[in-house]
Asks: 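Next up is a structure, given as structure tokens.
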Amino acid sequence: MNRYQKIAWFNLIVIAATVIVTSAAIAVDIHIRGYSTVGWWFVGLLALLKFTPRLFKKPQSPGGVVADERDELILKKAVSSAWSAFWWVFVAVTFLSFLVVGPRNSVPTIALPLMAIGAGLFLKVACSVAILMQYGRGGRDE
């Protein structure tokens, strides 16, 4: 497994763990108090995603390279597909929220930072999945 695959798995594990722990903490908080403000504290767990560029920089073998041209091409394709998927989902969610809320009502202001956090998570997940899918398609000798 090369550097980008390890980073993709790390991103997916951190995001999944954060979503599970945050959901559980919010559910417990709502059950106890009836409302929850604890979810914002778990955004700090996502700070681990800022360390991913520094991870796995050592070559696997003494004379090995960290990344080659194929790896860079896979990364470019993954980022491009993640952004295009993001825009499709963003437009769909925007129109869906308009249909659910209606033209006469307004969206609560808490939705704006949640949309920003959700967008960042979606981009990381989509890019990581695209990286893993592209490496999964190629053979070991390519």
Asks: Contact between Leu12 and Val129 at the side-chain level, heavy atoms closer than 4.5 Å - yes or no?
Replies: yes
Asks: Any side-chain donor paired with an acceptor under 3.5 Å for Glu72 and Tyr4?
Replies: yes
Asks: Could you tell me whether the side chain of Thr22 and the main chain of Val19 form a donor-acceptor pair under 3.5 Å?
Replies: no
Asks: Answer with yes or no whether the hydrophobic clustering places Phe90 together with Val93; edges join I, L, V, M, F, W, Y residues whose side-chain heavy atoms lie under 4.5 Å apart.
Replies: yes
Asks: To the closest 0.5 Å, what do you measure between CG (Leu112) and CD1 (Ile117)?
Replies: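 It comes to 11.5 Å.
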Asks: What's the spacing between Lys76 NZ and Glu69 CD if we round to 0.5 Å?
Replies: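 Going from the NZ atom of Lys76 to the CD atom of Glu69 covers 10.5 Å.
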Asks: Examine distances only and state if a side-chain atom of Asp29 and a backbone atom of Ala25 form a donor-acceptor pair shorter than 3.5 Å.
Replies: no
Asks: Looking at every heavy atom in both Ile131 and Ala8, which two are closest together, and how far apart are they?
Replies: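 In terms of heavy atoms, the two residues are closest at CG2-CB, 4.2 Å.
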Asks: Show the nearest heavy-atom pair for residues Ser81 and Ser84, with the distance to one decimal.
Replies: O-OG, 3.1 Å
Asks: Return yes if some donor-acceptor pair links the side-chain N/O of Gln5 with the main-chain N/O of Asn2 below 3.5 Å, else return no.
Replies: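 Yes, because the side chain of Gln5 sits within donor-acceptor range (under 3.5 Å) of the backbone of Asn2.
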Asks: Would you name the heavy atoms of Ala82 and Cys127 that are closest together and state the gap between them?
Replies: CB-N, 3.6 Å
Asks: Once you round to the nearest 0.5 Å, how far does CZ of Arg70 lie from CD of Gln134?
Replies: 9.0 Å
Asks: Determine whether Asp71 and Leu75 make a side-chain contact, defined as any pair of heavy atoms from C-beta on separated by less than 4.5 Å.
Replies: no
Asks: Identify the two heavy atoms, one from Lys124 and one from Ile15, that lie closest to each other, and give their separation to 0.1 Å.
Replies: CB-CD1, 3.7 Å
Asks: Count I, L, V, M, F, W, Y as connected when their side-chain heavy atoms are under 4.5 Å apart, and connections chain through other members. Are Val125 and Leu114 then in the same cluster?
Replies: yes
Asks: Is it possible for you to say whether Leu73 and Leu132 belong to one hydrophobic cluster, with membership spreading through side-chain heavy-atom contacts below 4.5 Å?
Replies: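 The answer is no; the residues belong to distinct hydrophobic clusters.
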Asks: Would Trp87 and Met115 show up in the same hydrophobic cluster when neighbours are defined by side-chain heavy atoms closer than 4.5 Å?
Replies: yes
Asks: Roughly how far, to the nearest 0.5 Å, is CZ of Phe95 from CG of Leu99?
Replies: 8.5 Å
Asks: I'd like to know if Val89 and Trp83 are part of one continuous hydrophobic network [Ile/Leu/Val/Met/Phe/Trp/Tyr, side-chain heavy atoms within less than 4.5 Å].
Replies: yes
